[in-house]
Amino acid sequence: MGKASRENIFYPHVFLWAILLNCSSLLYVSDVNTDKVSVIEGDSVTLHTGVQTNQQDRIRWYYKDIRIAQINRDQSKVCTDVQCNEGTERFRDRLKLDHQTGSLTIINITNTDAGDYQLKIIHRDNSDSGKTFTVAYGVSAADRDEVKRKSVKEGKSVTLDPGVMKNTNDSMMWYFTDVLIAEITGDQSQICTDDQCEERFRDRLKLDHQTGALTITHTTTEDSGEYTLQINSSRFSIIRSISVSVTAVPVSSGAVAGICAAVVVLLVAAAAAAAVIYYRQLKAKKRKVEQKGKY
């Protein structure tokens with residue numbers, strides 16, 4: 001067989017191997033450039049660019065290929081979807097853009113906000129870079145209330161579950177009425193860092209370092225209210241509110257009857273004691289009168 005004939009030979013296995021290598025390469029790049037964010041309806045989430053912008057950069061955010069926010073090179077124009085997309089109102093008043101970093105915050109996420117958010121950065125040399133954030137729901141609608149709303153009877157314990165898997169480098173901070181009550185940063189954790197927290201929750205908070213779950217023991221009605229969890233990573237931040245309702249335990253009719261009976265017994269005993277004292281005082285007076293008559 002001549003040289004020309006050998007060059008024209010088709011090797012199926014070589015061709016297939018080349019296709020597999022190309023596909024694996026594409027898959028690898030896609031995985032590296034995509035971050036998944038697990039949220040619950042009502043959360044606020046910030047998607048981090050990981051860069052500091054300068055006057056020569058342009059940043060654009062897209063949702064399902066529709067532009068929803070951008071920063072121009074002079075940073076003088078920041079637009080939301082209403083301005084960028086001629087009246088599209090999906091995110092009305094729920095988008096915020098950080099002028100320093102270009103990071104995008106979506107407030108009060110709804111069930112229609114899930115999907116891919118594309119970040120595109122156009123640099124001063126006209127080169128571009130970017131990444132994709134996939135925002136997905138971490139729990140079903142049926143389980144949402146179990147995470148976001150907690151009811152407990154006074155005196156019992158209640159556990160606030162973050163509702164997401166904790167990564168090693170993530171930080172988690174729990175707040176109650178804007179007071180930091182518990183925190184996990186890396187391999188360090190602490191509870192109640194100020195006097196106000198210490199006074200309210202003295203020895204009643206427990207923090208699971210592995211999951212970030214916060215447990216309140218021996219609850220009182222004063223523990224009712226909104227607890228805020230803030231999760232921070234290099235890729236995104238999530239702010240989640242959890243409502244806790246602590247109901248007072250009603251006094252049973254049997255207990256009321258017992259209390260009344262005890263009160264009656266105490267009143268009778270007090271009356272008897274008063275009668276004895278009065279009788280003794282009266283007798284003492286009579287004795288004095290009799291002694292004076294003798295003289």
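None of these values were measured; they are calculated from a predicted model.
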Flag yes if more than 12 heavy atoms outside [X] fall under 6.0 Å of its [atom1] atom; otherwise flag no.
| X | atom1 | result |
| --- | --- | --- |
| His209 | NE2 | yes |
| Asp145 | CG | yes |
| Asn111 | CG | yes |
| Lys96 | NZ | no |
| Gln196 | CD | no |

Would you indicate whether the side-chain heavy atoms of [Y] and [X] approach each other to under 4.5 Å?
| X | Y | answer |
| --- | --- | --- |
| Met172 | Pro162 | yes |
| Val135 | Val39 | yes |
| Thr46 | Phe236 | no |
| Val244 | Ser224 | no |
| Glu41 | Tyr137 | yes |
| Ser237 | His48 | yes |
| Glu183 | Trp174 | no |
| Val152 | Ser245 | no |

Please say yes or no: joined through hydrophobic side-chain contacts below 4.5 Å, possibly via intermediate residues, are Ile191 and Ile216 part of one cluster? yes

Stepwise, does the side-chain contact (heavy atoms from CB on, under 4.5 Å) test hold for Val45 with Ile109? CA-CA 8 Å; Val45 61; Ile109 279 186; 3.2 Å; yes

Got a salt bridge between Lys148 and Asp43, using NZ or NE/NH1/NH2 to carboxylate O under 4.0 Å? yes

With the threshold set at 4.0 Å, does a side-chain nitrogen-carboxylate oxygen contact exist between Asp128 and Arg58? no

[atom1] of [X] to [atom2] of [Y]: how many Å apart, nearest 0.5 Å?
| X | Y | atom1 | atom2 | value |
| --- | --- | --- | --- | --- |
| Thr228 | Asp178 | OG1 | CG | 7.0 Å |
| Ile68 | Leu104 | CD1 | CG | 5.0 Å |
| Asn169 | Thr185 | CG | OG1 | 11.0 Å |
| Thr105 | Leu95 | OG1 | CG | 9.0 Å |
| Leu47 | Asp98 | CG | CG | 12.5 Å |
| Leu207 | Thr215 | CG | OG1 | 8.5 Å |

Work out which heavy atom in [X] is nearest to a heavy atom in [Y]; give both atom names and the distance.
| X | Y | answer |
| --- | --- | --- |
| Ser157 | Thr217 | OG-CA, 3.5 Å |
| Val179 | Asp194 | CG1-OD2, 3.5 Å |
| Ile40 | Arg144 | CG2-CG, 3.5 Å |
| Ser44 | Asn108 | OG-N, 3.4 Å |
| Ala213 | Asp161 | CB-CA, 4.5 Å |
| Glu154 | Val249 | O-CG2, 3.5 Å |

Between Phe91 and Trp61, is the ring centre distance below 6.0 Å? no

When the ring planes of Phe201 and Phe176 are compared, do they come out parallel, tilted or perpendicular, using 30° and 60° as the limits? perpendicular

Would you say [X]'s side chain and [Y]'s backbone share a donor-acceptor pair under 3.5 angstrom?
| X | Y | value |
| --- | --- | --- |
| Thr49 | Thr101 | yes |
| Ser233 | Arg235 | yes |
| Tyr117 | Lys64 | no |
| Arg60 | Lys120 | no |
| Arg94 | Ile106 | no |
| Arg240 | Val147 | no |

Report yes or no: do Gln118 and Asp116 form a side-chain donor-acceptor pair below 3.5 Å? no

Between Val246 and Lys153, is a side-chain contact (heavy atoms from CB on, under 4.5 Å) present by the stated rule, with each step listed? CA-CA 5 Å; Val246 182; Lys153 290 184 178 181; over 6 Å; no

Using the rule given for side-chain contact (heavy atoms from CB on, under 4.5 Å), can you reason through Thr134 versus Thr34, listing the C-alpha separation, both sets of side-chain angles and the distance that settles it, and then say yes or no? CA-CA 7 Å; Thr134 299; Thr34 301; 3.6 Å; yes

Determine, stepwise, if the pair Val51 / Ile121 fulfils side-chain contact (heavy atoms from CB on, under 4.5 Å). CA-CA 10 Å; Val51 300; Ile121 304 174; 3.9 Å; yes

